[in-house]
2 protein chains.
Amino acid sequence: MPQTPQIAKEALDEALARQGLRSTRQREHVFSVLLHRRDHPTADEVYARAKEEMPSISLATVYNCLETLVTCGLVRAVNYEREPTRYCPNLHEHAHFQDKGSGRVYDIDLPPDVMAHLKRILPNGFEADNVEIYFHGSLQRRQDAEAG
Amino acid sequence: MPQTPQIAKEALDEALARQGLRSTRQREHVFSVLLHRRDHPTADEVYARAKEEMPSISLATVYNCLETLVTCGLVRAVNYEREPTRYCPNLHEHAHFQDKGSGRVYDIDLPPDVMAHLKRILPNGFEADNVEIYFHGSLQRRQDAEAG
DNA sequence: ACTTTAGTAAGAATTATTCTAAATTCAACC
DNA sequence: GGTTGAATTTAGAATAATTCTTACTAAAGT
């Protein structure tokens, strides 16, 4: 039973309030679904998981809630090629890696200098707000390194 | 009247042959459209431009040809968020920058070390085939620096 | 309690893209 | 030069993710 931890609920309420938005059961629940398994689910997957505890929630509401969470800055929308958008509650600056075997997406921490270093390659006049870095490849699984 | 330069036509024929594919009028024309204005057009835009010289070409064929060119390695498909796919005949390793004002996409050359440097941040077991780097921001236009 | 506003639900609509089936083209062989 | 068979093109239908619309519900302000 994923229960939104108090600390996350407070962050949610505060972030929503900052945008003049209300905290609702659906928003809280969708957020808790994302926090519970940080595996970059698609909207459909979030919908399926959300319904387990809240069978009356609709797909449209899941889309609305995800969009709201993105607007509030609590969640990041992640795209690769034209696959369905995935959602990620990890707010550190980080890159993504998609394993072409399983399609699963993993967070890759960025050493602090990388982002700055990257922005420095831009010619004069190009001002970047953000940089998306998306690796695509295969994940060599080793017995001793089991990752989620 | 964009005419495929001989050198490009030969590269096309050779690349197609390597995959056991035929060189056709449509494939050649779609390729020439991409080479003519290197502004990362969408499939729809390529369709519109291709029709000017070849009014009978269909949108499906444009999609097929673009896909074929990507398969042959002559063209890169570029995605940002869930916007329509854009096509780019620049095969150097490079990043993309989208100006949020105009939506236009620019190629950004990568210093040779950057790619290698980036791949080195991957944890053990992650083997990247490729990295997409997509900047999003605004382009400060200066009188003396007019770019296409 | 009454009114306004925000949020949710269900399904229709949209959009980029892919699929399907029929028609056409092309390269190789006779 | 015509024939054959596979590859390609075409037009339109189909698909899939997402957004929109409209009515309903819930909450907040008065």
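Each chain gets a letter, A, B and so on, in the order the sequences are listed, and its residues count up from 1. Remember, predicted model here, so these are calculated numbers, not experimental data.
Ion pairing between a basic and an acidic side chain is recognised when a charged N comes within 4.0 Å of a carboxylate O; A:Glu132 and A:Arg76 show such pairing.
Rounded to an integer number of Å, the gap from CG of B:Asp13 to C1' of C:dC26 is 14 Å. For B:Arg82 and C:dT14, the CZ to C1' distance is 13 Å, given to the nearest whole Å. Straight-line distance from the CD atom of B:Glu28 to the P atom of D:dT9: 12 Å, rounded to whole Å. The CZ atom of A:Arg25 sits 10 Å away from the P atom of C:dT8 (whole-angstrom rounding). For the pair A:Leu21 CG and D:dA28 C1', the computed distance is 15 Å after rounding to whole Å. Here C:dA10 presents its C1' atom at 14 Å from CD1 of A:Ile57, a figure rounded to the nearest Å. One can place CD of A:Gln26 at 14 Å from C1' of C:dA10, the figure rounded to the nearest angstrom. Summarising the geometry, the separation between CZ on A:Arg27 and C1' on C:dA6 is reported as 8 Å, rounded to the nearest angstrom.
The line from CE of B:Met54 to NE2 of B:His29 is 5.0 Å long, rounded to the nearest 0.5 Å.
Residue contacts shown for B:Thr85 are limited to sugar-phosphate atoms, with no base heavy atom under 4.0 Å away.
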What donor-acceptor contacts under 3.5 angstrom involve side-chain atoms of residues 60-68 of chain A, with partners at least two apart or in another chain?
| unit_1 | atom_1 | unit_2 | atom_2 | d |
| --- | --- | --- | --- | --- |
| A:Thr61 | OG1 | A:Ser58 | OG | 3.0 |
| A:Asn64 | ND2 | A:Ala60 | O | 3.4 |
| A:Thr68 | OG1 | A:Asn64 | O | 2.8 |

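In the region residues 61-74 of chain B, proximity to DNA chain D at under 4.0 angstrom, judged on heavy atoms, holds for B:Thr61, B:Asn64.
The residue among B:Asp44 and B:Arg22 whose nearest nucleotide of DNA chain C lies closer to the 5′ end is B:Asp44.
Ring pair B:Tyr106/A:Phe126: centre-to-centre distance below 6.0 Å.
Contact annotation: A:Ser56 does not reach the phosphate of C:dT8 (side-chain N/O to OP1 or OP2, under 4.0 Å). B:Thr42 has no side-chain polar atom (N or O) that falls below the 4.0 Å cut-off from OP1 or OP2 of C:dA16.
The nucleotide whose nearest atom lies closest to any side-chain atom of B:Ala60 is, among C:dC19, C:dA9, C:dG7, C:dC19.
A:His136 and A:Tyr80 are linked by a side-chain donor-acceptor pair at a separation below 3.5 angstrom, with hydrogens and angles left out of the test.
In terms of heavy-atom proximity, A:Ile121 sits nearest to B:Asp109 at CD1-O, 4.3 Å.
Partner A:Gln98 forms a side-chain contact (heavy atoms from CB on, under 4.5 Å) with one of A:Glu81, A:Glu83, A:His40, A:Arg104 and no other, that one being A:Glu83.
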